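What you see is a predicted model; the values in this text were computed from it and never measured. Both backbone and side-chain heavy atoms feed into the values below; hydrogens, waters and symmetry mates do not.
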Amino acid sequence: MNIAVNKMFQWIAATALGFGLIAQPALAQDIPANEFVEKFSNEVLVEIKARKQELVSDPKKLDALIDQKVMPNVNFRKMTQLVVGRPWREATPEQREQITKEFRTLLVKTYSGALSQVGDQTLQVDRLRARPEDTDVIVNSRVIQKGAPPVDLAYRVEKKDGKWQIYDLSVLGLWLVDSYKAQFGPVLANSGVDGLIQTLKTLNAKG
């Protein structure tokens, strides 16, 4: 994946997090995964549009919004484990915590940048093709925006301790975890886990 495509993918994926993850925790309980995504999507867009200028002009308020409403609905540890792959098993507990922390920060920074570009999009969620007892499912949807073709989105969602959490998402068939694996795989191969931690810290230190 070239740099331009990768950046475009990460921007759309970050915007998708805005559609699919800002929710009151109560909405994640005892409902199908597609309703978990669908119930709050339009409410989220209304809030973002109403507070857009405020959030863009005050990074602290934006960070607070993300920490309060986005983070509890993402399984960052599982997402990070999938990105790292086999080296995760060899990493120490301290290294795992560092990688997860830095990867979370990277996604927050990406999301924050995408938030300022949210416009008149809406989200359409498909019916769930899964059994009621399934706890690991894919939710298919699409972003609808005026003057542009729909953008297909898919969420990998897992239910644990009675709560749905998203651990991967796909934009036009490209999965976020796979994108980051391709980006960070060479770093892991050449410099190991410590090299990845340093790379993430360097990326997060940039403005």
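Between Ile138 and Asn140 there is a side-chain heavy-atom pair separated by less than 4.5 Å. With a 4.5 Å cut-off on side-chain heavy atoms, Asn73 and Ile166 do not count as touching. In this structure the side chain of Ile99 reaches within 4.5 angstrom of the side chain of Leu200, judged on heavy atoms. The shortest distance between side-chain heavy atoms of Lys61 and Glu54 falls below 4.5 Å.
One N or O on the side chain of Asn190 and one on the backbone of Pro186 form a donor-acceptor pair closer than 3.5 Å. With hydrogens and angles disregarded, no donor-acceptor distance shorter than 3.5 Å links the side chain of Ser179 to the backbone of Trp175. The backbone N or O of Ala130 sits nowhere less than 3.5 Å from a side-chain atom of Asp134 that would complete a donor-acceptor pair. Counting only distance, with no hydrogens or angles, the side chain of Trp164 and the backbone of Ile31 share a donor-acceptor pair below 3.5 Å.
With values rounded to the nearest 0.5 angstrom, Lys101 atom NZ is found 14.0 Å from Leu106 atom CG. From Glu133, atom CD reaches atom NZ of Lys159 across 11.5 Å, with rounding to the nearest 0.5 Å. To the nearest 0.5 Å, atoms CD (Gln183) and OG1 (Thr199) are separated by 9.5 Å. Separation of atoms OG (Ser141) and CG (Leu169) is listed at 9.5 Å; rounding is to 0.5 Å. Here the CG atom belonging to Asp168 is positioned 6.5 Å from the CG atom belonging to Asp178, to the nearest 0.5 angstrom. Interatomic distance, Glu102 CD to Leu196 CG, rounded to the nearest 0.5 Å: 9.5 Å.
Taking every heavy atom of both residues into account, Val139 and Ala33 meet most closely at CG2-CB, 3.7 Å. Here the closest non-hydrogen pair linking Val74 and Met79 is CG1-CE, 4.0 Å. When all heavy atoms of Ala91 and Arg96 are compared, the closest pair comes out as O-NE, 3.5 Å. Contact record, Leu128 with Pro32: CD2-CB, 4.3 Å, taken as the closest heavy-atom pair. Between Lys181 and Leu82, the shortest heavy-atom contact is CD-O, 3.3 Å.
Residues Phe36 and Tyr155 keep their aromatic ring centres 6.0 Å or farther apart.
For the side-chain contact (heavy atoms from CB on, under 4.5 Å) criterion with Arg142, the lone passing option out of Leu172, Asp152, Val151 is Asp152.
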Report the C-alpha distance between Val171 and Leu153 in whole Å, list the side-chain angles of each, state the deciding distance to 0.1 Å, and finish with yes or no for side chain to side chain contact (heavy atoms under 4.5 Å, CB included).
CA-CA 5 Å; Val171 180; Leu153 301 177; 3.8 Å; yes
Applying side chain to side chain contact (heavy atoms under 4.5 Å, CB included), run through Glu90 and Gln95 and close with a yes or a no.
CA-CA 10 Å; Glu90 303 167 1; Gln95 287 174 321; over 6 Å; no
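Identified under the side-chain hydrogen bond (donor to acceptor under 3.5 Å, both in side chains) test for residues 75-85, with sequence neighbours left out: Arg77-Glu97, Lys78-Glu158. Residue pairs meeting the ring-ring contact (aromatic ring centres under 6.0 Å, His included) criterion with at least one partner in residues 65-100, sequence neighbours excluded, do not occur; the list is empty.
Side chain to side chain, Tyr167 and Asp136 meet the donor-acceptor criterion of an N or O pair below 3.5 Å.
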